[in-house]
Structures are given as structure tokens and as C-alpha cells.
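Letters A, B, ... are given to chains in the order of the sequence lines, protein chains preceding strands, and every chain is numbered from 1.
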There are 2 protein chains.
Amino acid sequence: MTDSSPAPGGRRRRVDAQRNLHALVDAARTVFDTTGVDAPAKEIADLAGVGVGTLYRHFPLRSDLVKAVVESGIDAIAALGARLGAEEEPGDALKEWLRQYATFLGSKRGLAPALHSGDPAYKELPGYFLAKVGPALAALLDSAVAAGVVRDDVSADDVLYAVANLCMPVPVERPGYEPRRMVAVFADGLLGGGRRPAHGG
Amino acid sequence: MTDSSPAPGGRRRRVDAQRNLHALVDAARTVFDTTGVDAPAKEIADLAGVGVGTLYRHFPLRSDLVKAVVESGIDAIAALGARLGAEEEPGDALKEWLRQYATFLGSKRGLAPALHSGDPAYKELPGYFLAKVGPALAALLDSAVAAGVVRDDVSADDVLYAVANLCMPVPVERPGYEPRRMVAVFADGLLGGGRRPAHGG
DNA sequence: TCTTGTTCCGGAAAGCCCTTCCGTTTCTCT
DNA sequence: AGAGAAACGGAAGGGCTTTCCGGAACAAGA
């Protein structure tokens, strides 16, 4: 994604360009969550401390910017999986990761209209998501199963989709629906209930 | 919806205003299907043979126009149910209505982005839809069940949702998917298969 | 039918935003 | 340090939205 390798032409990418690119993605994430996907380009450029020209240089299409924001989020949640897997107990790591995953899904609410707009620019995103996040969760899940703290009859993709569906906005008005609470329930079910390999399943 | 009753103030609504209002909704339906929900206001006004000012007089917000288009479609499909119920054999009426319903859903494809945008302006539409179309289908269904040409173990809402789901755009690329053909299959199942009251169910 | 008061129409104009473009600045490499 | 390339910034052009108001069209009453 955001590589600093020497370009094909032979020269290295300028550091200010890279800095601005990051700043733009960060600013866009914030503004998208605040004002929505249709926020004025100038608002994003201003927040990034950059001229509009620079924004358009890096992201000629708005969908390019949306894609970059989503992909950076995907990268972050996948990286978080690796970190938690290395630093926490398997059960805690999984639980915390699911919490963060639910938050991640919730924070992307403002982008949903764009993502579901049918724009072909977003065709590759689901694949990117599965390829990055799937293995990250699979690793956490494997460790937890191996440690005997989690049932072994669900796959990583199962969990990914189930949680994503739990976080889906409900079509009809239902005041008390709290996706993140439902995910916590789901996580408890994963950790507490069902068969586990250590107990003979 | 489009009433011509005397306004609260005491005076009747002007006929040209009402004519323009209809023309605008018709034009908007066409343009939305052609150019999309984000079509320029002038394109709609031109097609309606009206100035932009008139458009904004009747529909200050774009969502007002979208709502009017959707509601007029809902009214039409509900009215069609009544007409078919009165003029056709129960089985034919149901079959034909489902065909038209599928077409109706397909034609609203261009509006989907707006409808799913989370704009609170559209909150009431699902309720309006259910209240109008539900009874219309229920009447057709009751007649058909009474005539013994349709299984009696499905409700109107079941059918409404099932068909709507059949017409849902598929997330992954599947070239041959033809919603209307699937609906026809579904209709045959309704008419042909399963238990029917006349045969002892 | 004619008058009167109101509603409604039409399109010009102002404002906002997108997008491009190019002179200037900043960086990289030698 | 100097030359050349890459990137920056913001002004300018073009389109779309939305407002605004003078004038036209209509409804009610005589």
C-alpha cells in the first residue's frame, strides 16, 4: 500500500509526499466519520494541512481516497491481531480483538453508502479484507483453540461474517439495539459455551 | 398523497400546480432510472417541462423528490393488486402481480444508494410500504388460497420479503443471475407445490 | 363575465464545490 | 552546492444547487 521503495524510474519517493499522503488518509478518516463521504475536498485538505491540489495529486478520484481509508483500517485491524496474539493470553487476545473489530466496523458506518453504491472501484475491497483479516483472526482462533479456551467448531470466516452481521444497521427502528454488546455476547459464547477440544469434543 | 382537497386555508389547490407536481414525479422517476439519483435538478425540471424554481417549490429537498417517487411506485403497485384482484382469476392475478412486483423492485435499483444512505428522511418508507403493499398482496393471496390454487402456509409478509430478497443485487459477481426468473420459479412454487386447503391440508 | 387577491411559475443570479493547471517550492542525487 | 525532477499550493474555470422576486395564471365572489 504505502511503500517507500524506489520507484520503477529509479528515484525514491519524496518524504514530504509520503508524509502528506498519510496526513490525507488520516484527515479523510476523521472527516468521513464527521461530515460523511460527501464532505468537501477542501475540508479534508485543510485538516491535513495541505492544498487541494495535493489531495487531487494523490487521489484523483474520491473513490481512491475512500479505498485508501478503508484499506488502512483493514491493515490496522490485521496488525492489531498480530500484536495481541504476541502480547496477550490467547483468550484475552481474541476477546479484545473482537471488541476492536466491532468498533472498527462501527466506525465505518459513514462509508457504508459509498461502499454499497455499486461503484466498481470498490470491487476488490472484500477480497483485500478477507485476505488480510482472515489470516489474522485465524491465527488468534488457532491459538485459543490450542489453548483449549475456545470452541473448535467455528472457522475464522464464520466469525468474521457473524460479527459483521451483528454490527449491521437494523432496517426497522429498534431503539435498544447495541451491536457491540451483541458482539460481546457472541464472544462469550465463543469462549465459554460449546465443545472445546481439551474437554473432549 | 396527491390530494386535491381544499387546503386548510380554505382555498383549493391550483390545478396547474397539481399537474406540475405529477409531471415532476414522473420525470424524476425516468431520470433517476436513467442518470441516477444524483442527476442534475435541471434535467428533471426540463423533462417535466417546468423551471427549476418550480421543482424546488414542490420539493425543497432532494429526498422529498425521492420519497415522492418511491411512494408513487408503492401506490401504483398496491393499486395494481386491487385491479388484478377484481379483473383476473385468483391464480393469474397473483402470478401477474408478482411479476410486476419483481419489475417494480428492479426498477428501483437506481434509488438504492439513496435509500440505504441512512438519511432519516427515508425512515418512514418501509412502514409506508408494508402498510400499503402488505394488505394488497394479502387480499390476492387470500383469494387464491380460498380458490384452492395456492398453498396456505405462507403469509403476505413472507412473500413480500422473499421476493424482495430474490431481487437483491448479489454481492459477488455472478453473471447469470436473473432475479425475475427466480421470482417466476418462486411463483410456480407458490401456485403448484405444497399443500393446498382444497386438497386437505 | 369581470374583478380581485392569492398562488404559482420561471429563470436569472449568487454561492458552493470540484477539478484542472501551472508557476513556485522542496527535495534528491551527484 | 548545483542541477534536475517531483511535488506543492491556490487561483481560475465550469457546473450544479438553491434562492429570490417580478410577472403570469388561477380560484372565488359579484
Side-chain angles (χ1 to χ4, degrees), chain A residues 2-28 31-32 34-69 113-114 117 119 121, chain B residues 2-28 31-32 34-69 113-114 117 119 121:
Chain A
T2 57
D3 69 299
S4 58
S5 54
R11 213 180 181 112
R12 183 181 300 171
R13 158 168 258 163
R14 273 172 56 166
V15 297
D16 57 342
Q18 185 142 330
R19 183 161 25 84
N20 285 334
L21 195 140
H22 275 123
L24 279 167
V25 173
D26 282 350
V31 171
F32 286 164
T34 305
T35 312
V37 238
D38 294 328
K42 183 157 196 319
E43 189 177 339
I44 298 169
D46 284 352
L47 183 58
V50 151
V52 271
T54 301
L55 192 161
Y56 279 92
R57 157 172 294 271
H58 287 295
F59 305 99
L61 273 40
R62 176 157 292 245
S63 61
D64 294 332
L65 189 50
V66 173
K67 255 169 59 182
V69 167
S117 67
D119 188 322
Chain B
T2 57
D3 70 299
S4 58
S5 54
R11 213 183 180 105
R12 185 182 298 172
R13 156 168 259 162
R14 273 173 55 168
V15 296
D16 56 344
Q18 185 142 329
R19 183 160 26 84
N20 285 333
L21 195 140
H22 275 123
L24 278 167
V25 174
D26 282 352
V31 171
F32 286 163
T34 304
T35 312
V37 238
D38 295 328
K42 183 158 197 321
E43 188 176 342
I44 298 170
D46 284 351
L47 184 59
V50 150
V52 270
T54 301
L55 191 161
Y56 279 92
R57 156 172 293 269
H58 287 295
F59 305 100
L61 272 40
R62 175 158 292 246
S63 62
D64 294 332
L65 189 50
V66 174
K67 255 170 59 183
V69 168
S117 67
D119 189 322

Between A:T54 and D:dG9, is there a contact of a side-chain N or O with OP1 or OP2 at under 4.0 Å? yes
Between D:dA7 atom C1' and A:H22 atom NE2, what is the distance in whole Å? 17 Å
Suppose we screen for salt bridge (Lys or Arg N to Asp or Glu O under 4.0 Å). Which residues come up paired with A:D26, at least two apart in sequence or across chains? A:R29
Please determine which of B:V69, B:V25, B:V66 meets the side-chain contact (heavy atoms from CB on, under 4.5 Å) test together with B:F59. B:V25
Distance in angstrom units between B:I44 CD1 and D:dC16 P, rounded: 12 Å
Show every side-chain hydrogen bond (donor to acceptor under 3.5 Å, both in side chains) that has at least one partner inside residues 50-63 of chain A, sequence neighbours left out. none
Can you tell me how far C1' of C:dC8 sits from CG of B:L55, to the nearest Å? 14 Å
Residue pairs meeting side-chain hydrogen bond (donor to acceptor under 3.5 Å, both in side chains), one or both in residues 39-52 of chain A, sequence neighbours left out, come to A:T35-A:E43, A:K42-A:D46
With sequence neighbours excluded, give me every salt bridge (Lys or Arg N to Asp or Glu O under 4.0 Å) pair touching residues 47-56 of chain A. none
Mind checking salt bridge (Lys or Arg N to Asp or Glu O under 4.0 Å) for A:D38 and listing every partner two or more places apart, or none if nothing turns up? none
May I have the distance from A:R19 (atom CZ) to C:dC27 (atom C1'), rounded to whole angstrom? 11 Å
To the nearest 0.5 Å, atom CG of A:L21 lies from atom CG of A:D16 at 11.0 Å
Would you please confirm or rule out a distance under 4.0 Å between OP1 or OP2 of D:dA7 and any side-chain N or O of A:H58? no
To the nearest Å, give me how far apart CZ (B:R13) and P (D:dA28) are. 14 Å
Can you measure A:R12 atom CZ to D:dA5 atom P for me and round it to whole angstrom units? 19 Å
Value in whole Å for how far the P atom of D:dC16 lies from CG of B:D46: 11 Å
Heavy-atom protein contacts under 4.0 Å, nucleotides 12-19 of chain C, coded B base, S sugar-phosphate only, - none: B----SSB
Just jot down the salt bridge (Lys or Arg N to Asp or Glu O under 4.0 Å) partners of B:D119, sequence neighbours excluded, or say none. none
Kindly say if A:N20 contacts the phosphate of D:dA7, meaning a side-chain N or O under 4.0 Å from OP1 or OP2. no
Show each protein N/O and nucleotides 21-24 of chain D N/O combination with a separation under 3.5 Å, one pair to a line.
none

Where the side chain of B:D16 is concerned, which of C:dC29, D:dC8, D:dC26 is the nearest nucleotide? D:dC26
Which residues share a salt bridge (Lys or Arg N to Asp or Glu O under 4.0 Å) with B:R19, sequence neighbours left out: none
